[in-house]
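In this text, all values refer to a predicted model and were calculated from it rather than measured experimentally. Values below: all heavy atoms of this structure, side chains included; hydrogens, waters and symmetry mates excluded. Throughout, residue positions are numbered sequentially from 1 according to the sequence presented.
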Amino acid sequence: MPDFDVVSLPETDHVAEGDTAPDFTRPLVNGEYWEDRALADVVDGPTLLLFHPMDGAFQGTYLYNTVDDHGWSDDVDVLGVSISTPYAHKRLLADRGDGVRIFSDPCADVIEEYGLAQDIDGMTGITESRPAVFLLGADRTVEHAWVASEHPEFPDAETIDDAVADLVD
């Protein structure tokens, strides 16, 4: 793994456990096509909502490899959100994220609403999402939340396994 400096991220007022996940409408991409969908219309059972930096960033790749390795899409609906375009999402889903769909949020409005926006160093005017995981119940209540507090940082997969098991049992 490449050598990275760990950078603390500023505090953020993000969506937390017990909150209702804010609704939004954005293009939702699967392996074949995309269409505008509202989160409220898509969440009809336990859902893992994953926010990640733009497609191609190692954090997104790692996250979707973890989804595949742990088989989360077998137990819950898995939805991603990033600033990348639907075209980039299709390429990402061709290689990983079996059973995953990803919302495209190129203006970062959803990412801002969830309290996850951060500027990309060296890219003036480009905002992306810090990595975050929200496990939602059928009514969009956040049952489990993890938000990166430093860069790079990854969620604990076993903790997510446990949260998913608690929600679907």
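The nearest pair of heavy atoms linking A40 to D23 is N-OD1, 2.8 Å. Scanning all heavy atoms of the two residues, the minimum distance from D156 to T159 falls at OD1-N, 2.9 Å. Shortest non-hydrogen contact noted between P86 and P27 is CG-CB, 4.2 Å.
I160 and F134 sit in two unconnected hydrophobic clusters of ILVMFWY residues. Membership requires side-chain heavy atoms under 4.5 Å apart, directly or through other members. Both F51 and V42 belong to a common hydrophobic cluster when Ile, Leu, Val, Met, Phe, Trp and Tyr are linked at side-chain heavy-atom distances under 4.5 angstrom. Cluster membership for W34 and V81, using ILVMFWY side-chain heavy atoms within less than 4.5 angstrom, is not shared. Follow the hydrophobic side-chain contacts under 4.5 Å out from L49 and you never reach L167; the two are in separate clusters. Linking ILVMFWY residues whenever their side-chain heavy atoms come closer than 4.5 Å, directly or via other members, places V78 and V168 in the same cluster.
The one candidate from D139, L136, D77 that meets the side-chain contact (heavy atoms from CB on, under 4.5 Å) condition with V43 is L136.
Within the 3.5 Å criterion, the main-chain N or O of R140 finds no donor-acceptor partner in the side chain of T20. Formation of a donor-acceptor pair under 3.5 Å by the K90 side chain with backbone atoms of E32 is found in this model. Proximity of a side-chain donor or acceptor of R130 to a complementary backbone N or O of A148 within less than 3.5 Å is detected. Within the 3.5 Å criterion, the main-chain N or O of G115 finds a donor-acceptor partner in the side chain of T12. A distance-only check finds no donor-acceptor pair linking the side chain of D19 to the backbone of A21 [under 3.5 Å]. Counting only distance, with no hydrogens or angles, the side chain of S129 and the backbone of P131 share no donor-acceptor pair below 3.5 Å. Counting only distance, with no hydrogens or angles, the side chain of E128 and the backbone of M54 share a donor-acceptor pair below 3.5 Å. Side-chain N or O atoms of E17 include none that pairs as donor or acceptor with a backbone N or O of V142 at under 3.5 Å. A donor-acceptor pair under 3.5 Å links the side-chain atoms of D68 to the main chain of D98, judged by distance alone. A distance-only check finds no donor-acceptor pair linking the side chain of E112 to the backbone of A108 [under 3.5 Å].
The aromatic rings of Y62 and F154 are tilted relative to each other, their planes meeting at an angle between 30° and 60°. Taking the six-membered ring where tryptophan is involved, the planes of Y114 and F24 are perpendicular, since the angle between them exceeds 60° and thus also 30°.
The environment of CG in D13 is sparse: at most 12 heavy-atom neighbours from other residues, nucleotides or ligands sit within 6.0 Å. For E11, the CD atom counts as loosely surrounded, since its 6.0 Å shell holds 12 or fewer non-hydrogen atoms of other residues, nucleotides or ligands.
L63 CG to R96 CZ: the interatomic distance, rounded to the nearest 0.5 Å, is 11.0 Å. Here the straight-line distance linking atom CD of Q118 with atom OG1 of T127 works out to 9.0 Å at 0.5 Å rounding. A distance of 8.0 Å separates OG of S84 from CG of L92, quoted to the nearest 0.5 Å. Taking CG of D55 as the reference point, atom OH of Y87 lies at 14.5 Å (rounded to 0.5 Å). Atoms CG and OG1, from L79 and T47 in turn, are 5.5 Å apart once rounded to the nearest 0.5 Å. Separating the NE2 atom in H52 from the CD1 atom in I83 is a distance of 10.0 Å, to the nearest 0.5 Å.
In this structure, the side chains of V15 and P22 come closer than 4.5 Å at one or more pairs of heavy atoms. Proximity of L50 to Y64: side-chain heavy atoms (C-beta onward) are separated by under 4.5 Å at one or more points. Side-chain contact between L28 and D36: absent, with no pair of heavy atoms (C-beta onward) separated by less than 4.5 Å.
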Yes or no on salt bridge (Lys or Arg N to Asp or Glu O under 4.0 Å) for R26 and D105, after CA distance, side-chain angles and deciding distance? CA-CA 7 Å; R26 291 290 180 278; D105 184 31; 3.2 Å; yes
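Taking the six-membered ring for Trp, H89 and F103 have ring centres at least 6.0 Å apart.
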